Amino acid sequence: MTKYTQPLWLLIAIGLLVGLTACGGAQPAAPGANQTEVESKEAAPAQQAEPTATPAEEAVEEVEAEAEQPEAEAPATEAAASAETDDDTGDLISAAETQSETAAAAEMPARQYGLIVSQLNDKGFNDLAWAGMQQVVAELGVAVQFAQDTNPATAQARIKQFINHGYDGIVAVGLEYGPAVKTAAQVHPDVPFAIVDFPNQTANDRGLLFDVDEPAFMAGYLAAGMSQSGVVCTYGGRKIPPVMIFMVGFEHGVAYYNQQNQAEVQLLGWQTDPANPSGGEGVFAGNFTDQNFGRAIAEEFAAPGCDIIFPVAGGVGLGTAEVAEENGLTLIGVDADQSLSNPDYADLYLTSVIKHIDQVVFEAVS
C-alpha cells in the first residue's frame with residue numbers, strides 16, 4: 001500500500017457522506033401559482049349575491065342555477081338531521097346552502113325574511129314586492145331572499161325550506177299561494193306570514209289587499225276621453241278577483257264618461273254580467289308570464305280600431321307594448337308606473353294605475 005492509499009479512501013468516504021446528506025435533507029419546492037389559487041378558493045367563504053331592487057334577468061338565472069346544485073354536506077348536528085328529514089324536495093332557495101350551520105349562524109344577520117313569487121322581472125307586480133323587501137334591507141338591516149315558483153302546488157315545499165333555514169317570516173305574492181300559506185301558518189304558529197291579494201286566514205298571517213277599483217275607474221274615464229277612435233280595451237292575465245277589480249273599475253270609468261259627455265266610447269275585453277257566476281265575460285291570457293299572448297291579444301284589439309289598451313296581466317303586458325309601438329297604440333300601465341319600470345316604451349304610456357305593493361310589503365315586514 002502506498003502512502004496515498006489512506007487519504008484516498010478518506011476522500012471517497014467524505015464524498016459519499018456529503019452526497020447522502022444533500023439527497024436526504026432536500027426541502028420540498030414552493031407551491032406554484034396554480035396550487036395557491038386552488039387553496040385560496042377552498043378557503044374563501046361562500047358569498048351570497050347582493051340583491052337589487054329590480055333584479056336583472058341574469059341575477060334571477062343565477063339564483064335558479066344555484067338552486068339546481070346539490071346541497072353541500074352539513075355537519076352531523078341535530079338541526080341538520082331535522083332539516084334533511086323534513087326537506088326532501090331538493091334545493092329551492094339560495095340562502096347559505098353552501099355554508100355550514102356554524103358559519104351561517106355567524107355570518108347571517110339577526111333576522112331573515114323570505115319572499116315567494118311566481119316570476120320576477122315582470123316590471124310590475126312581483127318586482128314591486130321584491131322592491132319592498134329591498135327597502136326592508138336598507139331601512140331595517142335584515143337579510144332577505146326570494147324563491148320563484150310558478151307552480152302553487154309546490155309552494156308548501158318552498159315555505160318549508162325557508163322555515164328549515166331559520167327564516168323569521170315569509171311573504172307570498174299572489175292569491176294562488178293562499179292554501180299553502182294557511183297550512184304553513186297553522187303548522188308554525190310562531191312564524192309570521194303575509195300574502196298579497198288574499199285576506200287573513202289565521203292568527204299569524206296577514207292579508208295585504210288593495211282598493212284599485214277607484215284609480216282604475218279614473219283610468220277608464222281618461223282613456224274614453226283621450227281615445228281618437230272611440231274604442232278602448234282591456235284584458236287580464238287570469239280570471240281572478242285581483243285582476244277583475246281593475247277591469248270592472250276601468251269599465252265603470254268608460255261608462256261614466258259616456259254618461260257625462262253623451263258619448264258612445266266602446267269598451268272591448270270586459271263586460272260585467274250579473275247573471276254570470278264569475279261576474280262577467282272578458283279576454284284573459286291564462287297566465288302572467290308569456291309575452292306572446294300579449295302580442296296576439298293586442299293585434300286582435302287593434303283590428304277593430306282599439307287605440308288605448310289597459311293590460312292587467314303582469315309580464316304578458318310587455319308583449320302588448322311591442323305591438324302598440326308597431327301600430328301607434330297607447331297603453332295604460334298597471335301596478336307600477338310603467339313609464340319608469342318599462343323605459344324602452346315610456347312614450348307609449350298615457351298613465352298607470354299604481355298599486356303600492358312595495359310600500360305595503362315593507363310595512364307588513366316592519
Side-chain angles (χ1 to χ4, degrees), residues 48 50-56 59-60 63 93-95 109-150 152 155 158-159 161-163 165 167-178 180-182 184-185 188 191-212 215 237 240-243 245-246 288-289 312 314-315 333-338 340-341 352-366:
Q48 281 184 279
E50 183 178 354
T52 58
T54 303
V60 176
V63 171
I93 59 176
S94 62
R111 288 187 177 275
Q112 307 171 72
Y113 292 87
L115 182 77
I116 299 178
V117 297
S118 59
Q119 186 177 26
L120 291 176
N121 294 311
D122 62 351
K123 303 186 186 298
F125 185 73
N126 291 323
D127 281 0
L128 283 171
W130 181 237
M133 297 295 277
Q134 293 304 287
Q135 187 179 355
V136 169
V137 175
E139 298 190 22
L140 304 182
V142 302
V144 301
Q145 184 58 272
F146 65 84
Q148 295 182 105
D149 194 340
T150 58
R158 292 188 178 274
I159 292 174
Q161 284 203 318
F162 273 132
I163 293 174
H165 283 82
Y167 278 66
D168 299 282
I170 298 170
V171 179
V173 185
L175 63 75
E176 63 267 24
Y177 298 120
V181 167
K182 180 179 181 180
H188 304 280
V191 177
F193 293 85
I195 179 169
V196 175
D197 281 345
F198 204 78
N200 302 347
Q201 302 177 89
T202 69
N204 57 308
D205 80 276
R206 177 177 297 180
L208 310 178
L209 304 175
F210 302 82
D211 292 326
V212 297
I240 54 178
V243 170
I245 190 174
F246 281 101
F288 294 98
T289 58
V312 190
V334 68
D335 295 330
D337 182 347
Q338 292 195 291
L340 299 178
S341 66
S352 291
V353 181
I354 296 177
K355 186 174 181 177
H356 293 285
I357 298 171
D358 51 344
Q359 178 183 341
V360 174
V361 167
F362 171 76
E363 291 176 355
V365 175
S366 298

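Since the model is a prediction, treat every value here as computed from it, not as a measurement.
Heavy atoms only, all atoms of each residue included: I354 and A336 are closest at CG1-C, 4.2 Å. A155 and Y177 get closest at one heavy-atom pair: CB-CD2, 3.4 Å. When every heavy atom of G333 is checked against every heavy atom of Q338, the shortest pair comes out as CA-OE1, 3.1 Å. Minimum interatomic distance between A185 and T202 (heavy atoms only, all atoms of both residues): CB-OG1, 3.3 Å. The minimum heavy-atom distance between I195 and G174, with the atom names listed, is CD1-O, 3.5 Å.
With values rounded to the nearest 0.5 angstrom, D335 atom CG is found 11.0 Å from H356 atom NE2. Atom CZ in F288 sits 7.0 Å away from atom CD in E176 (nearest 0.5 Å). With rounding to the nearest 0.5 angstrom, the CD atom of Q359 is 11.5 Å from the CG atom of L208.
Within the 4.5 Å cutoff, no side-chain heavy atoms of K182 are placed close to those of D205. Between V191 and Y167, every side-chain heavy-atom pair lies at or beyond the 4.5 Å cut-off. Residues W130 and V173 have side chains not in contact (no heavy-atom distance under 4.5 Å, counting atoms from C-beta outward).
Remark: the backbone N or O of D127 is paired with a side-chain donor or acceptor of D122 at under 3.5 angstrom. A donor-acceptor contact shorter than 3.5 Å links the side chain of S341 to the backbone of K123. The backbone N or O of P199 sits nowhere less than 3.5 Å from a side-chain atom of R206 that would complete a donor-acceptor pair. Within the 3.5 Å criterion, the main-chain N or O of D149 finds no donor-acceptor partner in the side chain of Q119. In this structure a side-chain-to-backbone donor-acceptor pair under 3.5 Å is present from D168 to Q112.
Partner of L115 under the side chain to side chain contact (heavy atoms under 4.5 Å, CB included) criterion, out of I170, V171, V136: V171 alone. Of the candidates V334, V243, V312, I245, I245 is the only one forming a side chain to side chain contact (heavy atoms under 4.5 Å, CB included) with V212.
Comment: K355 does not engage D211 in a salt bridge, judged by the lack of any side-chain N to carboxylate O separation of less than 4.0 angstrom.
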task = Could you check S118 against N126 for side-chain hydrogen bond (donor to acceptor under 3.5 Å, both in side chains), going step by step and ending with a plain yes or no?
result = CA-CA 8 Å; S118 59; N126 291 323; 3.2 Å; yes
